[in-house]
Number of protein chains: 2
Amino acid sequence: MATPTPTRQRRRGHDPESVLSIAVGVFNERGYDGTSMEDLARALGVTKSAIYYHVPGKEQLLARALDRALDGLSEMVADQRAASGPAIERLEWVVRQSVRILVDRLPYVTLLLRVRGNSHTEQAALERRREFDAFISRLVKEAAAEGSIRPDVDPALVTRLLFGTVNSIADWYQPSRGASSDDVADALLKMAFNGLRV
Amino acid sequence: MATPTPTRQRRRGHDPESVLSIAVGVFNERGYDGTSMEDLARALGVTKSAIYYHVPGKEQLLARALDRALDGLSEMVADQRAASGPAIERLEWVVRQSVRILVDRLPYVTLLLRVRGNSHTEQAALERRREFDAFISRLVKEAAAEGSIRPDVDPALVTRLLFGTVNSIADWYQPSRGASSDDVADALLKMAFNGLRV
DNA sequence: TTGTCAACTGACTGAATGTTCGGTAAACAC
DNA sequence: GTGTTTACCGAACATTCAGTCAGTTGACAA
């Protein structure tokens with residue numbers, strides 16, 4: 001045969017992808033700064049030095065993880081559905097998509113939400129995140145200007161409360177509990193848009 | 001005179017209180033694990049070793065800070081106003097008080113909300129915090145049972161969303177922007193209880 | 001002037017940290 | 001079999017870390 005079956009059973013081991021996904025899990029359990037390469041090695045079932053065969057170092061792991069979260073948000077901002085139609089409907093769509101991204105990429109987004117800017121990598125991620133926050137802020141302001149949001153609350157405050165609620169999902173959401181992204185988004189939108197009171 | 005004036009101008013310097021309050025500020029900027037004693041010393045304007053004259057060590061600083069946050073929550077749970085009356089009104093009161101405690105003790109509560117359980121100190125704090133969460137959870141369930149909350153959302157989900165929103169305030173609130181604790185609580189309660197839509 | 005004491009410095013220690021490197025065993029290609 | 005590649009180990013590396021301790025400084029009391 002000319003082509004050797006490419007997916008032949010190779011010697012089992014890690015690759016950059018499996019290292020990243022396990023590492024992000026540990027980062028979220030113990031915090032990035034609270035995680036040592038020794039911790040990662042233990043979680044991977046190898047020695048510290050083996051990690052460096054797959055990835056360049058600890059900070060690169062963080063950078064790749066943060067990009068996964070930020071790329072999701074960037075795609076959403078670029079979507080046509082975030083650009084046309086009544087602002088209140090676009091806002092609803094953006095909230096729903098944000099919840100979906102948060103749930104789909106839970107460990108990566110969770111990590112992003114905890115970044116404080118201690119390194120260049122973290123500062124760059126915060127910068128990209130700020131662009132997203134500015135986008136949201138404009139959207140809420142438009143919805144308020146169109147008269148779709150109660151006028152007795154400052155739109156800046158609404159933005160922070162609304163997306164504070166979305167982001168807080170990362171602190172408690174567990175896929176194993178059965179609630180889907182849409183279940184959570186439905187509940188959130190009911191509460192924030194129509195209120196909890198009967 | 002028998003008693004030497006006790007508040008005479010002593011040689012200016014730090015005391016355990018000023019060390020704690022500055023340390024907590026740095027912990028919140030860089031994260032507890034991301035903060036070295038050298039970082040603290042720089043912020044205090046002294047050398048590392050001077051810190052140990054005032055406080056026993058890094059972890060004790062964390063423990064004292066977390067207690068400040070948790071003591072506030074404990075007091076609220078013990079208050080009579082959290083125990084009698086319609087559940088929905090008690091819930092509203094607890095939300096408002098939670099926002100007040102968060103704002104009044106902002107740096108301490110912020111630190112508490114970021115604890116992951118890496119040490120015994122952190123685990124003990126998480127344990128105390130879980131008691132508070134259980135209290136809240138019961139309260140929301142009661143309000144739902146009394147028919148004061150829309151029945152089409154799971155009370156457990158309501159609890160997480162509502163207090164996720166409260167906790168997220170720590171991520172953005174700045175006293176210098178002028179909004180008081182009550183301003184924020186008003187906006188939050190309007191959104192969560194009555195909805196943003198006009 | 002002398003003594004006391006709170007507040008601090010500077011030099012240090014041992015442990016932990018992220019990273020590097022020489023070597024190696026097993027799987028594969030030929 | 002022979003050579004190559006993949007995935008890893010173990011030992012070391014320089015650096016950073018929390019914490020210690022003997023000594024110094026300066027304000028104040030007597």
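So that the names make sense, note that chain A is the first sequence line, chain B the second, and so on, each numbered from 1. As a basis for the values below, the full set of heavy atoms in this structure was taken, side chains included, without hydrogen atoms, waters or symmetry mates.
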Using OP1 and OP2 only, check whether a side-chain N or O of B:H54 sits under 4.0 Å from C:dA6.
no
Rounding to an integer number of Å, can you tell me how far B:F27 CZ sits from D:dA18 C1'?
12 Å
Can you tell me which nucleotide in D:dG10, C:dT9, D:dC8 comes closest to the side chain of A:S49?
D:dG10
Given D:dC8, C:dG18, D:dC17, the nucleotide with the shortest approach to the side chain of B:S36:
D:dC17
Reckon A:Y52 has a side-chain N or O less than 4.0 Å from the OP1 or OP2 of C:dT20?
no
Can you check whether B:Y53 has a side-chain N or O nearer than 4.0 Å to OP1 or OP2 of C:dA7?
yes
Could you check whether the side chain of B:T47 and the base of C:dG10 have a donor-acceptor pair of N or O atoms closer than 3.5 Å, going by distance alone?
no
Nearest-Å distance, CD1 (B:I51) to P (D:dC17)?
13 Å
Any cation-pi pair here, A:R68 with A:Y108, using under 6.0 Å and within 45°?
yes
Figure out the CG/P separation between B:D33 and D:dC17, and round it to whole Å.
12 Å
Is A:D183 salt-bridged to A:R177, going by a charged N under 4.0 Å from an acidic O?
no
Straight-line distance of B:R160 CZ to B:D133 CG, nearest 0.5 Å
8.5 Å
Check every atom of C:dT17, C:dC8, C:dT19 against the side chain of A:M37 and return the nucleotide holding the closest atom.
C:dT19
Any idea which of D:dA18, C:dC8, C:dG18 is nearest the A:K58 side chain?
C:dG18
For the pair made of NZ in B:K48 and C1' in D:dC17, what is the distance, rounded to whole Å?
7 Å
A cation-pi test, strictly: NZ or CZ of A:K58 under 6.0 Å from the centre of the six-membered ring of A:Y52 and no more than 45 degrees from its axis. Yes or no?
no
Just checking, is any N or O donor in the side chain of B:N167 or A:D171 under 3.5 Å from an acceptor N or O on the other one?
no
Figure out the CZ/C1' separation between B:R42 and C:dT9, and round it to whole Å.
17 Å
Rounding to an integer number of Å, can you tell me how far B:H14 NE2 sits from C:dA6 P?
18 Å
Nearest-Å distance, CD (A:E38) to P (D:dA11)?
13 Å
Give the rounded distance in Å between these two atoms: CZ of A:R30 and C1' of C:dA16.
13 Å
